[in-house]
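Just below is one structure, and these are the notes that go with it.
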Number of protein chains: 2
Amino acid sequence: MTEIATASAVSAASAVSPPTEHVVATYEFETSLPLEHAAEVLAGEQSTGTFVRVARESDDVRARFAAQVESLEELPLTGASPLPGTVGDPAKRRRARLTLRFPLSNFGPSLPNLQAAVAGNLFEIKELAAIKLVDLDLPDAFGERYAGPAFGVAGTRRLISRPTGAMIGTIVKPSIGLSPEELAEVVGELAAAGIDFIKDDELQGNGPSAPLEARVKAVMPVLERHADRTGVKPMYAFNITDDLDRLEHNHDLVVEAGGTCVMACINLIGLAGVEFLRRRSAVPIHGHRAMFGAISRSEQLGFSFRAWQKLARLAGVDHLHTNGISNKFYESDAQVLDSIEAVREPLLGQVPTVPVLSSGQWAGLAHATYAATGTTDLLVLAGGGIHGHPGGAAEGVASMREAWASAERGESVEQALAASSAMRRAVEVFGPPRA
Amino acid sequence: MTEIATASAVSAASAVSPPTEHVVATYEFETSLPLEHAAEVLAGEQSTGTFVRVARESDDVRARFAAQVESLEELPLTGASPLPGTVGDPAKRRRARLTLRFPLSNFGPSLPNLQAAVAGNLFEIKELAAIKLVDLDLPDAFGERYAGPAFGVAGTRRLISRPTGAMIGTIVKPSIGLSPEELAEVVGELAAAGIDFIKDDELQGNGPSAPLEARVKAVMPVLERHADRTGVKPMYAFNITDDLDRLEHNHDLVVEAGGTCVMACINLIGLAGVEFLRRRSAVPIHGHRAMFGAISRSEQLGFSFRAWQKLARLAGVDHLHTNGISNKFYESDAQVLDSIEAVREPLLGQVPTVPVLSSGQWAGLAHATYAATGTTDLLVLAGGGIHGHPGGAAEGVASMREAWASAERGESVEQALAASSAMRRAVEVFGPPRA
């Protein structure tokens, strides 16, 4: 009966707008209130509510515009402390998984306005001792408004002339401090070593020590000469992150010099900034996740990677950093593997984004990563693992390539080590490989 | 001696760039490592470091580009649990306040690239059990590149014809669900009630249920007629938050209809999106902080309001939400008052941004707020406190105006209540006033 009543309320409103689709947001939260009550507080704050009922807030308005609780399931507490400012008896704290249904017509298929509803003020609600957006289910209208990646896996493979196998890349090291001449030298070595992809560090923006223009002028002639000789142009992701009015200029500098990729720090130009760039970019956008930890590392607050990556992909990133197993940061292998899987799941008919594995990556992680992910549609970045290889960058790249090819052939790590001296030398420095 | 050595290293580099200024970032962190060691890990990750020392990472590069520890002071633990993924012996966990000095020449006065250095990957460092950016000290170069607010306190007062006293505003309620006709009615009542300022809810974007254009067409004729009669045009902050390519169009819709303010959700269009809007806006930008809780509510992670608000002001917001005392969200009065103070502190010679007090605000909070802040250069928004006043919006506005005027005259709450029937009726519904 409730459903029928809701349907007729919507139909009565159809002079204004057609029956609407919904966004379904999934949260994990903790509260000392009864779970159902806390869920209603959240739904109310994020749609029709204020702290007192006001004039014109009719039952009809509530029926048509309110977020609806779709499911609510209790979970065990994790042991983490409650967020500051939480009200209620701490001894009564419980944890639950909640799905809320938001009428799309409240905000339309706009990524910024979607976030106001599903991830706005709710993080400040004092009735909630924890509140994390863990998943989002978006209707087709988002796929219609947002074009998503223009290149993705296939476009990137085409540009780097690497139709199959893991795509092997690296970060310029040291992160900052190289002169243009030194940078050109590093890039020349890496290109000669057969690398597919090189990127600026996220710390390398457009500062006076190493302006983007100087980097482009240093790097691109090296890559063009290499391409003339070999027919293959490694992709260099220039970090063009900057104020939005400079993004287009930065992008044009890269593309006019023959560059085939731009890198943007998603959270630093904003998801909206990525979408702005997507509409203007002639080359793949390498999406760096710097600052992502600020919204995700707490288990009590913010966004899961799974929810956030959908927004980033809709905004148009062709490559998206997922971290890699055995990384130097805080994430567990299970979290990383879930992130890679999330990025590889279909999203509203869009071109697939390439997961980017980085941080502490080296040849000895190839077999374990391939075993867990079952794919080579990955961009695997080794910084120290290539630059710090005892045989130099060429052997560093060879160690990565040989390890991934062996993994893809279904060999064991031991077989790979027996066949690859570059892998054996990597093991001397980086320790035992992961099985 | 160290200082002199550093100075000559900089001077040797001056063929490339002049001696650089610095950004000073202050953090609170927790770790199970020795504090000095953890501080070096953080400084290294955010400037020259990778997990192994690599070719061309000379001592000279480190001297010129590395972030330097300026001070390190132990603090007591807060009792909050460590962030997930932290390494080390939990029994050895300690907390400290750290200031790091970053050479500006690493990234230049670019807000996005600044954040990569002071607030990028560091939140993911597994050696840190807590990591929060609590303050930022920025060199003049940022004030030269970023114009900051174009209107601020003085410009807003001029537009609303309210040269002195607290600026009294409200949010349209219900937050969503009104037809254009109902919205026009509400706005007419509020204008007649003598309100200074009205804003859309952050949940009211540009969805099909109530498109921005329909709201502008409904609201502006009402305000124009009111202005023709009275000479005073209340400011209506239309929420123009949307994809960036629509922002300018949305802004133009408002301004062409005679509107005097646009509202943007800072975190939803990004700080870079705000700066983009600032360069194009002919009217004050009302900066809403939706989603701010996601980066700030955990005491173990993210940004303090004090650090974040500097970025928002440089990006150009004329009004900035600080929350108010006795609010319905999680923040304590002490936190709110510190936020208001932070927004009122001078910043690189820029026009002062107006702190916006909202959430659970009503007439009974005026005396306590004025006593604590000592200013009326505030925009005080009462949603339920005006719409839910038993005498209607007109008495709601009168209660706010009379309470603030009384506070400013140095009277007690009791004196105000004795003189104002509107305040007395507010007390009947909202409870006792704060002294």
Side-chain angles (χ1 to χ4, degrees), chain A residues 17 48 50-52 54 56-57 61 65 80-81 83-85 105-108 110 112-113 115-116 119-121 123-124 126 173-174 176-177 182 202-203 205 207-209 241-244 265 268-270 272-273 275-276 290-291 293-295 297-299 301-302 328-330 383-384 387-388, chain B residues 17 48 50-52 54 56-57 61 65 80-81 83-85 105-108 110 112-113 115-116 119-121 123-124 126 173-174 176-177 182 202-203 205 207-209 241-244 265 268-270 272-273 275-276 290-291 293-295 297-299 301-302 328-330 383-384 387-388:
Chain A
S17 57
T48 54
T50 186
F51 77 110
V52 291
V54 298
R56 300 185 182 81
E57 187 180 349
V61 163
F65 297 93
S81 30
L83 292 171
S105 59
N106 284 6
F107 40 79
S110 156
N113 292 314
Q115 291 173 79
N121 283 350
F123 298 112
E124 305 203 25
K126 68 183 169 192
K173 295 285 173 186
I176 48 175
E182 289 171 315
E202 84 280 1
L203 297 172
S209 292
T241 302
D242 212 333
D243 293 334
L244 299 178
C265 292
L268 310 188
I269 64 170
E275 198 269 341
F276 175 84
M291 200 191 286
I295 58 167
R297 183 167 173 188
S298 169
E299 60 201 305
L301 188 66
K328 66 177 178 174
F329 292 115
Y330 78 95
H387 296 278
Chain B
S17 57
T48 55
T50 187
F51 76 110
V52 291
V54 297
R56 301 186 183 81
E57 190 181 348
V61 163
F65 296 92
S81 25
L83 292 171
S105 59
N106 285 5
F107 39 80
S110 158
N113 292 314
Q115 290 174 79
N121 283 350
F123 298 112
E124 304 203 27
K126 68 181 170 194
K173 295 286 173 185
I176 48 176
E182 290 171 313
E202 84 281 0
L203 297 173
S209 292
T241 302
D242 212 333
D243 294 333
L244 299 178
C265 293
L268 310 188
I269 63 169
E275 198 269 341
F276 175 86
M291 199 190 288
I295 57 166
R297 184 167 173 189
S298 169
E299 60 202 303
L301 188 66
K328 68 175 176 173
F329 292 115
Y330 79 95
H387 296 277

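The model shown is predicted, which means the values in this text are computed figures rather than measured ones. Every chain is numbered from 1, with letters handed out A, B, ... down the list of sequences.
- Note: A:I269 CD1 to B:E275 CD = 13.0 Å, rounded to the nearest 0.5 Å.
- Between the side chain of A:S209 and the backbone N or O of B:S105, at least one donor-acceptor pair lies under 3.5 Å.
- Contact detail for A:A290 and B:N121: the closest heavy-atom pair is CA-OD1, 3.7 Å.
- Chosen from B:A80, B:G270, B:G207, B:P112, the residue pairing most often with chain A at heavy-atom distances under 4.5 Å is B:P112.
- For the set B:G273, B:G108, B:G120, the entry with the most heavy-atom pairs within less than 4.5 Å of chain A is B:G120.
- For the options A:D242, A:I295, A:T241, heavy-atom pairs under 4.5 Å to chain B are most numerous at A:D242.
- At least one donor-acceptor pair under 3.5 Å links the side chain of B:S81 to the backbone N or O of A:S81.
- Minimum interatomic distance between B:S298 and A:P84 (heavy atoms only, all atoms of both residues): CA-CD, 4.5 Å.
- When each of B:G177, B:C265, B:G205 is checked for heavy-atom pairs under 4.5 Å with chain A, B:G177 comes out on top.
- Atom CD of A:E202 sits about 13.0 Å away from atom CD of B:Q115, to the nearest 0.5 Å.
- Counting heavy atoms from C-beta outward, B:L244 and A:L244 have side chains that approach closer than 4.5 Å.
- The shortest heavy-atom contact between A:R297 and B:E124 is NH1-C, 3.7 Å.
- Both the backbone and the side chain of A:L83 come within contact range of chain B, judged by heavy atoms closer than 4.5 Å.
- The minimum heavy-atom distance linking A:A272 with B:L268 is given by the pair CB-O, 4.1 Å.
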